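Everything on this sheet refers to the single structure shown next.
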There are 2 protein chains.
Amino acid sequence: MVTIYDVAKLAGVSAATVSRVVNGRSSVDAGLAARVQQAMAELDYRPNAVARNLRRQKTSIWAVIISDIGNPFFTSLVRGVEDVGQAAGYSVVLCNSDEDPAKEARYVAAALAEQMAGVIISSTGKAANLSRLVDAGTPVVAIDREVRAAAVDTVLVDNAHGADLATSHLAEQGYRRIACITGPRRLPTAQRRLQGYRAALTAYRLEPDDNLVRYGDYREEGGYQAMASILDSGAAPDAVFAANNLMTVGALECLVDRGITVPAQMGVVGFDDIPWAHLVRPSLSTVVQPTYELGRTAALLLVERIAEPTRPLSTVTLRTELKIRDSSAPREQRFR
Amino acid sequence: MVTIYDVAKLAGVSAATVSRVVNGRSSVDAGLAARVQQAMAELDYRPNAVARNLRRQKTSIWAVIISDIGNPFFTSLVRGVEDVGQAAGYSVVLCNSDEDPAKEARYVAAALAEQMAGVIISSTGKAANLSRLVDAGTPVVAIDREVRAAAVDTVLVDNAHGADLATSHLAEQGYRRIACITGPRRLPTAQRRLQGYRAALTAYRLEPDDNLVRYGDYREEGGYQAMASILDSGAAPDAVFAANNLMTVGALECLVDRGITVPAQMGVVGFDDIPWAHLVRPSLSTVVQPTYELGRTAALLLVERIAEPTRPLSTVTLRTELKIRDSSAPREQRFR
DNA sequence: CTGTTAGCGCTTTCAA
DNA sequence: TTGAAAGCGCTAACAG
């Protein structure tokens, strides 16, 4: 390995001068700088980031800990983070907790041990993991999922409002027995979306019925099972609001398997878009989240938090939007 | 920050002893070890990985550099890598090069600077990036895309064979003017898949026609444009083989926009599955890759390479499989 | 503007 | 089995 001393020796200067040239912080005589540059090129010198990190007590890497790499929701979110992070001079690495608090804990430990410059995390719900970061003084931004027990900057979408939009839309289209498949009880997003659903029922004077509500796992399989369970319960829904993208897919699969046509026999609206929603037949109505913006905003907050660790906490809530496609066509269609 | 010396002082031993307890390599008197353990717990000591890395000249992190985090192909591949990596004691972080050689170069530089223990990479095609890793002695495994100019372990699928399967299948179904949308010229996977396509045409005595072939960018948009270009060229295809999942989606969109029905007016087979391929209407016939196995195999190779840096290079080729769904129904259907 | 020097926190010889 | 001491490669006071 070529060290800074090798370069210094070849250029006939001290290691400190090489360091100055490399980091461009302090000014160096142009002639010396040129010699150093040449020596670096000649030796193909690459600064050892580990040594630098040790000395500086921090890295220039951000960790983005996401809860499910298989969920396309995170894809453009990550792009948003990357674009801001790269521009600010950070490398962004992704860690996949897979909705597993233990795996999340491992990545949090790694982020801590490796002295990551900052962490953006979509929490599995275990606040302790987040607190560990905060306590260690690592700049953190929570994304998508608020964590009440930890004091961190947060970027959310208006979950309740989005769910309300979706459910209200179904009500307006003439559906009367609207089911809801929400996420795990422990997750605030799941709770909020359920709240929004209930608010819409109330607004439209539709009777709430617990038989129409299920808690899924935010996975395809869970959506399938929840849908099956609702159908089997005899609750006789005529529409369903599924609180995330993968569960919507699962629910649709169940409907296909049972020979229930959408939207003629069952209206469907999902929360969070899926790629190719328009290719799925019928095309899927969904509550669209500004995923790229979500990532961008989180990254911006992180940059600010790093620059000013004591600034007051902030929570940014982004708007969702209802994208109406075919799966929630007016109920009346059935009778045409 | 709590250091090893704080622990040593509290436990009344030397830092070396604490280190021994932490790493469990060398044996330590049980009584002392217990005292050290207690001191660590009391102080909530967390070893500083950066310092350890500097001293040991390597980390326990793997970087997986993928070319497009938006492509679901990489999702389960990453899971395969993670499962093996975690079991072997490594943390796995993901880097998204976004098909951009410059971005890739940045992540390669980061992996090098951070002394990553190993790298698994789906190359953008710029061999120099890979060579840099190899030259620095970093254990590397190339995945999905072979890199001829660099000497690395490689895990591939039988691209030519898969493309041949897909094209032959279309031919057997009665399609006669089969178009091909392959990937970027620079990528070996694109070349191989095109080869497979051509081989099938030959086998079925179908006349090759360059108007039926396009080089896309492996993105949705590129698939759309390639499809449009083929249609506009007057080449009059009756089927299309698209060489990756996202381009298949793009091609389908184009067909939808033009009011061309699948498979009645156009048979379609894609390479590489997409999630919800069965929900898309018509459901998509695709060449399925063993993505999880691909990741697993790469990780296994990496483990071996790390253990034995001088072992001979190996290339593992995994089988693809044709999944026949509705988009490639027999041509005769049209006349029924 | 430049060089000297002292560590960052840890592991690992080497002696005891 | 344990401790002392050196040093991984770099940066940042501090002097000059």
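Reminder, nothing fancy here: chain letters follow the sequence lines and each chain counts from 1. Predicted, not measured: the structure shown is a model, and the values here were computed from it.
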Is the distance from OP1 or OP2 of [N] to the nearest side-chain N or O of [X] less than 4.0 Å?
{"X": "B:S14", "N": "D:dG3", "result": "yes"}
{"X": "B:S19", "N": "C:dT11", "result": "yes"}
{"X": "B:S27", "N": "D:dT1", "result": "yes"}
{"X": "A:T17", "N": "C:dG3", "result": "yes"}
{"X": "A:Y45", "N": "D:dC10", "result": "yes"}

Whole angstroms only, please: what is the [atom1]-[atom2] distance between [X] and [N]?
{"X": "B:R56", "N": "C:dT12", "atom1": "CZ", "atom2": "C1'", "answer": "11 Å"}
{"X": "A:R20", "N": "C:dG3", "atom1": "CZ", "atom2": "C1'", "answer": "7 Å"}
{"X": "A:R52", "N": "D:dT11", "atom1": "CZ", "atom2": "P", "answer": "5 Å"}
{"X": "A:N53", "N": "D:dC10", "atom1": "CG", "atom2": "C1'", "answer": "10 Å"}
{"X": "B:E114", "N": "D:dC10", "atom1": "CD", "atom2": "P", "answer": "13 Å"}
{"X": "B:Q115", "N": "D:dC10", "atom1": "CD", "atom2": "C1'", "answer": "12 Å"}
{"X": "B:N48", "N": "C:dC8", "atom1": "CG", "atom2": "C1'", "answer": "8 Å"}
{"X": "A:I4", "N": "D:dG7", "atom1": "CD1", "atom2": "C1'", "answer": "16 Å"}

Counting only heavy atoms from other residues, nucleotides and ligands, does the tally under 6.0 Å from CD of A:Q38 exceed 12? no
Heavy atoms under 4.0 Å, any strand shown: does B:V50 hit a base, just sugar-phosphate, or nothing? nothing
For A:N23, answer base if it contacts any base atom (sugar-phosphate contacts may also be present), sugar-phosphate if it contacts only those atoms, and nothing otherwise; contact means non-hydrogen atoms under 4.0 Å. sugar-phosphate
Base of C:dG9 paired with side chain of A:R55 (donor-acceptor, under 3.5 Å): no
Please determine whether any donor N or O and acceptor N or O are separated by less than 3.5 Å between the side chain of B:R46 and the base of C:dG9. no
Nearest-nucleotide pick for [X], side chain only, options being [options]:
{"X": "A:A51", "options": "D:dT2, C:dT11, D:dG9", "result": "D:dG9"}
{"X": "B:Y5", "options": "C:dA6, D:dA6, C:dG3", "result": "D:dA6"}
{"X": "B:A15", "options": "C:dT11, D:dA12, C:dG9", "result": "C:dT11"}
{"X": "B:R25", "options": "D:dT11, C:dT12, C:dG9", "result": "C:dT12"}
{"X": "B:Q57", "options": "D:dC10, C:dC10, D:dC8", "result": "D:dC8"}
{"X": "B:L54", "options": "D:dT11, D:dG3, D:dC8", "result": "D:dC8"}

Shortest non-hydrogen contact between B:S67 and B:R145, atoms and distance: OG-NH2, 3.3 Å
Under 4.0 Å between a side-chain nitrogen and a carboxylate oxygen: does that hold for [X] and [Y]?
{"X": "A:K103", "Y": "B:E82", "result": "yes"}
{"X": "A:R35", "Y": "A:D29", "result": "no"}
{"X": "B:E304", "Y": "B:R311", "result": "yes"}

Polar side chain donor-acceptor pair, A:N53 to A:Q115, under 3.5 angstrom: no
